[in-house]
There are 4 protein chains.
Amino acid sequence: MARTADPHRRQSILDAAHSVFARKGYAATGIADVAGELGIGHGTVYRYFQNKRDVAAAVLDRALERIAAVVTAEDATATRSLAEYRAQVERIGHRLYELFAADRALGRLVFHDLGAVDDDLRERLHAAHETFAEYTAAYLRNGVAKGFLRADLDVDTTARVVNGMIFEGAAQVTRTDDPRPLRDRWIRAVVALMFDGIAQHGELGRSEHGPG
Amino acid sequence: MARTADPHRRQSILDAAHSVFARKGYAATGIADVAGELGIGHGTVYRYFQNKRDVAAAVLDRALERIAAVVTAEDATATRSLAEYRAQVERIGHRLYELFAADRALGRLVFHDLGAVDDDLRERLHAAHETFAEYTAAYLRNGVAKGFLRADLDVDTTARVVNGMIFEGAAQVTRTDDPRPLRDRWIRAVVALMFDGIAQHGELGRSEHGPG
Amino acid sequence: MARTADPHRRQSILDAAHSVFARKGYAATGIADVAGELGIGHGTVYRYFQNKRDVAAAVLDRALERIAAVVTAEDATATRSLAEYRAQVERIGHRLYELFAADRALGRLVFHDLGAVDDDLRERLHAAHETFAEYTAAYLRNGVAKGFLRADLDVDTTARVVNGMIFEGAAQVTRTDDPRPLRDRWIRAVVALMFDGIAQHGELGRSEHGPG
Amino acid sequence: MARTADPHRRQSILDAAHSVFARKGYAATGIADVAGELGIGHGTVYRYFQNKRDVAAAVLDRALERIAAVVTAEDATATRSLAEYRAQVERIGHRLYELFAADRALGRLVFHDLGAVDDDLRERLHAAHETFAEYTAAYLRNGVAKGFLRADLDVDTTARVVNGMIFEGAAQVTRTDDPRPLRDRWIRAVVALMFDGIAQHGELGRSEHGPG
DNA sequence: AATGAATGAGCATTCATTCAT
DNA sequence: TATGAATGAATGCTCATTCAT
């Protein structure tokens, strides 16, 4: 019954839902609000989606796909030196923050609302995190293989740590009114942390509990 | 009316709400569920809280206070060397992950559910992030002042970046069935990233776009 | 608009509705179900019928006509003896049960679903009962006139009583998986009751409250 | 959650539903109509019943119990002669028609509306028919055993035939404005048919297809 | 203070019906 | 003539909140 015809109509409903969910929150949004945003009858929404949750799921999937498109745009095996990887990280960071800066709703949906809808959507969000972690791990693994990253790097964990920095930045951008300046500072800070470290030159930070 | 007497009863309601909200999600939880968990009449909840949202707010505040207690347990100005700071970061990390590992509900509430309740709670969550960022910034500022951290460190931004790594770790711990092994790897990865860098020794990662 | 052309199409819609109404019940059946059964667009139904209720009315009318065809097939004035009337009752019973056995839907529609649709359809059903009662009364009246039925017979009431036996049998047949054996036993029981009585020969059953 | 406290309230809801269902039909009746009849909030209905269908089921059960109370009031083994049985049939008939005459809704619910709600309720109605048939069969079996009813009586089938006459009468009473006169004529006709037969004395009705 | 029966606002969802194509 | 996309009235049901006991 659903999954009908006109894909343009379906997309426009997702656009409206994306926007209204982000503005009012999933729970506080009625299907009538979404339909009203488009000036269509609310029954029409049910020609394209099973129910309200189904709309949320589709909104989330589309949002995650957009993020994934940025993350997967680069070739993980292409970099041959630390400098190239550094530049790559900067490019990805720029694109990602550009995405979140251009669509403030995106961050609210992905970082807050849609993960709270139900267990299934939370699980999809988690799965997306895993996928993103695997991508970052591929970059790191390439660097280790090529010899420009530490041989003893815990690649899988570090990948998640790096993603944590990135996504916290995206969350910040989402919350900020004028996100551009923050974006640049954030990328610079992340890149500096990753590639230059925080330590003053000549200082020795290795603790007795550090990586053996 | 309300805002009454027995603080022990109030705490037990918060305990129950903490647990049920995390288990079923805020939206899917009824006040009757919370009261049922305690075996009390659901009208009683309204003697201690204005409404359901008020319960959620108190649950969130208490959760954030517990996290803050860990973050603020250390003295930001006490460290005098990179090694001491490194050890301090490890200590804080351990305590934080211990907290999230001991109470899986905590992470679900803070990272997912309660931020989606309404704008006010989202704002409180954001404010807590800010507070935590200021704490971390104080550590970093101390390090710069003492000379064991880079003088050109973007302290405020880096503080948020560091917190991003930490909290992503806490989120992971929340999602994992046996969180202990993950916790140790995570802290090691974060500390290594911060203090040892990811670069192989001798490699040069400074790109042309990097911090001048 | 409507009340149009192709009578074959109209009949096929009634066939489908007859079947689906009986299978799912009137309330649970959508016009789309009826149209789906035929593989036609559901808008098409509205070219042949005013609305859903109109379809039900037509289905009911057709069902009642089919029953009436059996009831009216015999000539009420043709019988000249008790034996002939007895044989006639058996013939009508056989044909009626054959009809309900051949189309299980018929009974469900007439005895259950369509009478509950609205007051008008209930009224039509009632009117049909009246008509059938008048037919049976005609048979009885003929018997009284010819002298082979009791002169003091309450013809109108007895006609309804007889029809009650008959239609309860049809209802039973409708509910039974293998209706043939039931049919024969039923007709035999009805005929025996009418013509032989239930009393043991020689017994006296006339009570003091009986028909004076 | 339902099945709570105050049984008086529960009964009053059933009374209201009984009345409104009969007046407007099950499908056309909203829970709000039932609640409105009582001047209570419609949410209250849901404290006593799971859902609308559950109300209908309880209404039906109560209606059937009331009918059963009449049917089972007599002792099937008490009668020792045809005259006693005849008197007994008259008594049961009177009480039954009294019941349906006193509460016109009863007939509409049992003979029309509630059987069309869903398969389960139809099944309950059918089961009640079976139960009633077994009672009537017990009366007949007693008569055969005592020797005042024909030894070759098909007891089970005849029981259903007899019930068919009775219930068709109840249905008629339900439809009639002034049911008393009809009631008496009906009982007289049924009793005469059962005990006196329709045949004129001296006539011979045994057909060639009749019971051997 | 504690309770839980009662309430009704609020919303998701269905589906008969219309009408542009 | 046939279609099915679009519509929105209608309603079942939930549950936060109140308040009499």
Side-chain angles (χ1 to χ4, degrees), chain A residues 1-2 4-6 9-10 27-36 38-55, chain B residues 1-2 4-6 9 27-36 38-56, chain C residues 1-2 4-6 9 27-36 38-55, chain D residues 1-2 4-6 9-10 13 27-36 38-55:
Chain A
M1 35 221 68
T4 337
D6 194 347
R9 173 60 64 100
R10 187 181 155 89
T29 298
I31 283 293
D33 296 318
V34 174
L38 291 171
I40 65 175
H42 64 270
T44 304
V45 174
Y46 288 89
R47 292 191 62 72
Y48 294 88
F49 300 92
Q50 299 285 329
N51 50 40
K52 185 182 168 188
R53 206 215 70 110
D54 192 30
V55 177
Chain B
M1 65 209 68
T4 349
D6 193 346
R9 168 68 56 105
T29 298
I31 283 293
D33 295 318
V34 174
L38 292 171
I40 65 174
H42 65 270
T44 305
V45 174
Y46 287 88
R47 301 210 133 268
Y48 295 88
F49 300 92
Q50 298 286 329
N51 51 38
K52 185 182 169 186
R53 207 214 68 107
D54 193 29
V55 177
Chain C
M1 64 208 68
T4 347
D6 193 347
R9 170 66 58 104
T29 298
I31 283 293
D33 295 318
V34 175
L38 292 171
I40 66 173
H42 64 270
T44 306
V45 174
Y46 287 88
R47 301 211 135 267
Y48 295 87
F49 300 92
Q50 299 285 328
N51 50 38
K52 185 183 169 186
R53 205 214 68 108
D54 192 28
V55 177
Chain D
M1 36 220 64
T4 336
D6 194 348
R9 174 58 65 98
R10 187 182 155 89
I13 292 172
T29 298
I31 283 295
D33 296 319
V34 174
L38 291 171
I40 65 174
H42 65 270
T44 304
V45 174
Y46 288 91
R47 292 191 61 71
Y48 294 89
F49 300 92
Q50 300 285 329
N51 49 42
K52 185 183 168 187
R53 205 214 70 109
D54 193 28
V55 177

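Sequence lines set the chain letters: A, B, ... in the order given, protein chains first and strands last, and positions in each chain run from 1. Here the structure is a predicted model, which is why all the values come from computation and not from measurement.
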ask   = Could you write out DNA chain F as a dot-bracket string, with dots for unpaired bases, | for bases paired across to another strand, and Watson-Crick or G-U pairs counted at under 3.5 Å?
value = .||||||||||||||||||||
request  = Sugar-phosphate atoms are those with a prime plus P, OP1 and OP2; base atoms are the rest. Using that split, label each nucleotide of nucleotides 10-19 of chain F B, S or - for protein heavy atoms under 4.0 Å, 5' to 3'.
outcome  = --SBB-SBB-
key: Presence of Tyr48(B) side-chain N/O under 4.0 Å of dA1(E) phosphate oxygens OP1/OP2   = no
task = Output yes when at least one side-chain N/O atom of Arg47(B) is less than 4.0 Å from OP1 or OP2 of dA2(E), else no.
result = no
ask   = Want to settle it: does Gly39(C) or Gly39(A) sit nearer the 5' end of DNA chain F, counting the closest nucleotide to each?
value = Gly39(C)
request  = Take Ile40(C) and Arg9(A), find for each the nucleotide of DNA chain F with the closest heavy atom, and name the residue whose nucleotide sits nearer the 5' end.
outcome  = Ile40(C)
Could you state the interatomic distance from [atom1] ([X]) to [atom2] ([Y]), rounded to the nearest 0.5 Å?
{"X": "Tyr48(B)", "Y": "Ile40(B)", "atom1": "OH", "atom2": "CD1", "answer": "8.0 Å"}
{"X": "His42(C)", "Y": "Asp33(C)", "atom1": "NE2", "atom2": "CG", "answer": "11.0 Å"}
{"X": "Ile13(D)", "Y": "Arg47(D)", "atom1": "CD1", "atom2": "CZ", "answer": "10.5 Å"}

ask   = Looking at Asp54(B) and Phe49(B), what are the two nearest heavy atoms and their distance?
value = OD2-CA, 3.6 Å
inquiry  = On a heavy-atom basis, which atom in Ile31(D) and which in Tyr46(D) lie closest, and how many Å separate them?
reply    = CG1-OH, 3.5 Å
ask   = On DNA chain E, nearest-nucleotide positions of Thr44(D) versus Gly41(B): which is more 5'?
value = Gly41(B)
request  = In sequence, state the C-alpha distance, the side-chain angles, and the governing distance for Val45(C) and Leu38(C), and then conclude on side chain to side chain contact (heavy atoms under 4.5 Å, CB included).
outcome  = CA-CA 10 Å; Val45(C) 174; Leu38(C) 292 171; over 6 Å; no
ask   = Atom CG of Asp6(A) and atom P of dA20(E): how far apart are they, to the nearest Å?
value = 18 Å
